[in-house]
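Beneath this line is the structure, given in structure tokens, with notes to follow.
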Amino acid sequence: MSSAIHSPDFFLAEHGRTDPEAELAATLAAMLHPLSGPPDAHAKCRFPARLMWLREQLAEYREALADIECPAFAEWVPIDDITSISLVFANGYLDNPASYYGHLFLKFNKRGGSALADQTANFGAIETRGDNPALYIVKGIAGGYDGGFSPVDYFFHDANYRENELRDLWEYRLDLSPHETRLITAHSWEVLNKRYAYYFFHDNCAYRVAELLEIVDTVRAIPRNRPWIAPQAVIQQLFEPSERAHPLVAERIYHPSRQTRLHQRYTALNAGQRTLVADLIDKREAIAGARMQALSLAERHEIIDTLIDYHQYRRSSDKQKDRTPPSPGYLDALGERLRLPPGLVATRSAEPTPPEEANAPSWIQAGTRHGGKTPDALFLRLRPAYYDALDVSGAQAGNSGLSMGEIRVDSVNGGLALTRLDVIAIDSVRPAVTGLPGDRGIGWRLRAGGEEDRIGCTHCSVARIQADYTVGMKIDDLPLFTAFNAGGALQSHTALNAAGFARLGFAAVTRPTNDFGMRLGIELRRPLDARLATYTASHIEARRALGGGYDLRFLWERDAASRLSIGIGRYW
């Protein structure tokens with residue numbers, strides 16, 4: 001047995017990392033040792049959760065194990081003022097490999113004051129500065145980093161996630177007793193700035209934060225029997241039945257990002273208001289002009305609040321924003337808002353599907369394939385994590401896709417063949433809901449792995465890396481998202497595509513309900529070998545949720561040949 005923490009100062013016995021009995025004996029001795037120096041250096045202040053546990057277990061030492069004043073601990077969090085603990089989930093962020101699957105941290109809620117002043121315990125890989133995304137993924141998977149908890153003020157998370165990275169936050173306030181709250185808070189202090197083993201897929205932020213919660217005997221936050229732990233899976237685990245007499249989650253609070261707030265306000269406007277917003281931004285209309293004055297007070301509030309959110313959203317992407325003044329348009333809108341009498345804020349649209357109600361992050365599918373100038377085949381497809389544009393939810397970036405380690409195996413005439421392996425596949429899109437300047441839905445796609453060069457060919461699997469630049473747009477008031485892409489692929493040499501191809505493409509995704517969605521894709525591909533002909537590749541995929549964590553999918557594909565695949569999937 002060996003502790004995942006390898007910081008020497010976390011242990012009081014010489015071999016405490018590998019000998020729990022020796023560590024227990026050394027801890028008790030250190031706790032009973034008289035205070036003779038700075039209190040923060042005493043074991044009672046370094047390990048307040050151990051102190052609480054020993055006091056419960058050893059009644060004969062209860063008086064000797066009384067608390068002492070611990071200035072550093074009290075400065076981090078005044079434990080008597082902590083009324084509750086929240087588990088906070090930031091949804092996925094595809095511009096940073098560390099946050100592909102989302103992020104979890106604990107927030108300690110103080111009595112009174114602003115929540116922005118609350119303290120947090122945040123776990124992540126450390127000493128990653130300067131590593132590019134590819135190196136981060138390789139080192140993160142292989143255990144090339146240490147990880148650790150750091151004390152971060154909540155206002156930093158709020159500004160970084162919601163304002164800069166445009167990620168929604170979901171806060172889950174936990175229903176813990178005062179003793180349980182104190183125990184988790186005290187243990188969080190013990191592990192701050194200690195070095196852990198870090199692995200991207202398992203010993204990550206989700207696992208370590210859930211581990212903190214499980215210091216309470218009746219809390220089950222770590223999903224069992226899983227080779228990988230995703231933040232969303234921890235959230236879903238909190239809602240599983242347990243031995244506790246009441247649900248662990250007392251309240252869920254949704255904190256939309258700056259981009260989400262802008263899109264919510266904009267979609268709540270009528271067509272005339274949207275036109276006026278665009279004219280005000282383009283300076284074709286004055287904010288105190290006749291068109292604005294002709295509106296009701298409530299309509300003016302709605303427009304000005306939308307303008308304020310728009311200018312703040314534009315500023316969030318300005319890397320020099322700390323050195324440049326706010327835009328004149330923002331100052332005009334803010335000044336007009338202050339001049340208007342108080343009024344109701346525009347109604348916002350319903351919040352998206354919360355992470356606990358979304359599909360589980362892993363998916364396996366079994367089905368049959370017909371056509372493609374090859375014999376019919378049975379197939380098995382495994383996507384360890386995470387989602388695509390047809391099953392995306394509020395836990396992920398809309399209309400996007402992310403998977404790592406996805407495989408497909410075909411069974412043909414009694415033999416097995418690996419027909420697809422995605423080392424990584426990312427479709428990163430920020431939908432342009434408003435169409436206003438700066439909200440244009442710029443994105444990118446990246447995929448690396450192996451697959452068939454063309455449908456219907458035999459013995460033509462290739463290693464392939466693909467990349468595209470995309471521009472996407474949500475169609476007003478319709479459940480329809482469209483995107484254009486340009487890019488290409490490099491691959492191992494074949495007779496059909498030589499060393500790769502350039503391409504132009506169009507895609508459309510519709511999800512009229514959470515249970516049904518369709519995706520259409522058309523590409524024009526030009527092989528890099530000029531002697532080979534340009535060709536088109538297209539597909540239509542439909543997904544229908546069946547309930548109970550199952551779905552049914554149909555996929556029709558065509559390039560050199562046509563093929564239809566039908567499969568039943570299970571989320572787990």
Side-chain angles (χ1 to χ4, degrees), residues 91-94 101-102 166-168 170 232 236 254 256-257 259-260 262-264 266-268 348-363 365 367 381 383 385-403 406 425-435 439 441-443 445 470-485 505-522 538-557 565-571:
N91 67 358
Y93 179 57
L94 298 182
Y101 298 105
L166 306 177
R167 301 163 67 181
D168 294 341
W170 300 84
Q232 182 188 343
Q236 292 173 335
Y254 175 54
S257 70
Q259 183 184 50
T260 298
L262 168 63
H263 291 170
Q264 288 175 335
Y266 184 83
T267 55
R348 292 180 178 174
S349 57
E351 67 182 43
T353 303
E356 72 274 13
E357 296 178 12
N359 296 315
S362 299
W363 179 72
Q365 182 190 47
R381 181 181 172 192
R383 189 178 73 202
Y386 192 21
Y387 62 94
D388 58 42
L390 295 183
D391 59 8
V392 68
S393 71
Q396 301 99 18
N399 301 299
S400 296
L402 169 64
S403 68
E406 180 174 336
I426 305 172
D427 191 353
S428 176
V429 177
R430 286 183 175 173
V433 172
T434 68
D439 188 26
I442 304 302
R445 300 193 304 178
T470 68
V471 178
M473 182 71 187
K474 185 182 181 302
I475 306 303
D476 285 351
D477 302 322
L478 292 175
L480 180 62
F481 174 80
T482 61
F484 294 89
N485 62 276
F506 169 80
V509 178
T510 180
R511 292 185 66 201
T513 70
N514 286 335
D515 293 335
F516 178 76
M518 291 185 65
R519 187 180 191 279
L520 164 70
I522 301 174
S538 57
H539 74 269
I540 299 175
E541 184 176 12
R543 173 187 177 271
R544 173 71 182 184
L546 300 179
Y550 290 89
D551 69 3
L552 173 67
R553 296 198 186 211
F554 296 84
L555 173 63
W556 178 85
E557 306 166 276
S565 303
I566 303 172
I568 297 288
R570 174 75 167 96
Y571 295 90

message: Tell me whether T510 contacts the main-chain N or O of P479 through its side chain, where contact means a donor paired with an acceptor under 3.5 Å.
response: yes
CD of E541 to CD of E557, rounded to nearest 0.5 Å, is 8.5 Å
Practice item. State plainly whether the residues D388 and R383 are in salt-bridge range, i.e. N to O under 4.0 Å. Key: yes
message = Using side chain to side chain contact (heavy atoms under 4.5 Å, CB included), reason through F554 and I540 one step at a time and then give a plain yes or no.
response = CA-CA 8 Å; F554 296 84; I540 299 175; over 6 Å; no
Give the C-alpha distance, both sets of side-chain angles, the deciding distance and a yes or no for side chain to side chain contact (heavy atoms under 4.5 Å, CB included) between N359 and Y387. CA-CA 9 Å; N359 296 315; Y387 62 94; over 6 Å; no
Check your understanding: Between Y266 and D439, does any side-chain donor sit less than 3.5 Å from a side-chain acceptor?
Key -> no
- Message: Using a 3.5 Å distance criterion without hydrogens, assess whether the side chain of R519 forms a donor-acceptor pair with backbone atoms of V509.
- Response: no
Side chain to side chain contact (heavy atoms under 4.5 Å, CB included) evaluation trace for I442 with T470: CA-CA 6 Å; I442 304 302; T470 68; over 6 Å; no
Note: R511 and A389 closest approach over all heavy atoms is CD-O, 3.5 Å
When rounded to the nearest 0.5 Å, the distance separating CZ of R445 from OG of S400 is 11.5 Å
For F481 and G472 the tightest heavy-atom approach is CZ-CA, 3.7 Å
Answer yes or no: does atom OH of Y550 have more than 12 heavy-atom neighbours from other residues, nucleotides or ligands under 6.0 Å?
no
dist N91:CG -> D168:CG (nearest 0.5 Å) comes out at 5.0 Å
Here the pair of heavy atoms bringing R570 nearest to G548 is NH1-O, 3.6 Å
Does R543 count as lying over the ring of W363, i.e. NZ or CZ under 6.0 Å from the six-ring centre, within 45 degrees of the axis? no
Set out, in order, the CA-CA distance, both residues' side-chain angles and the distance that settles side chain to side chain contact (heavy atoms under 4.5 Å, CB included) for D551 and D515, then state yes or no.
CA-CA 9 Å; D551 69 3; D515 293 335; over 6 Å; no
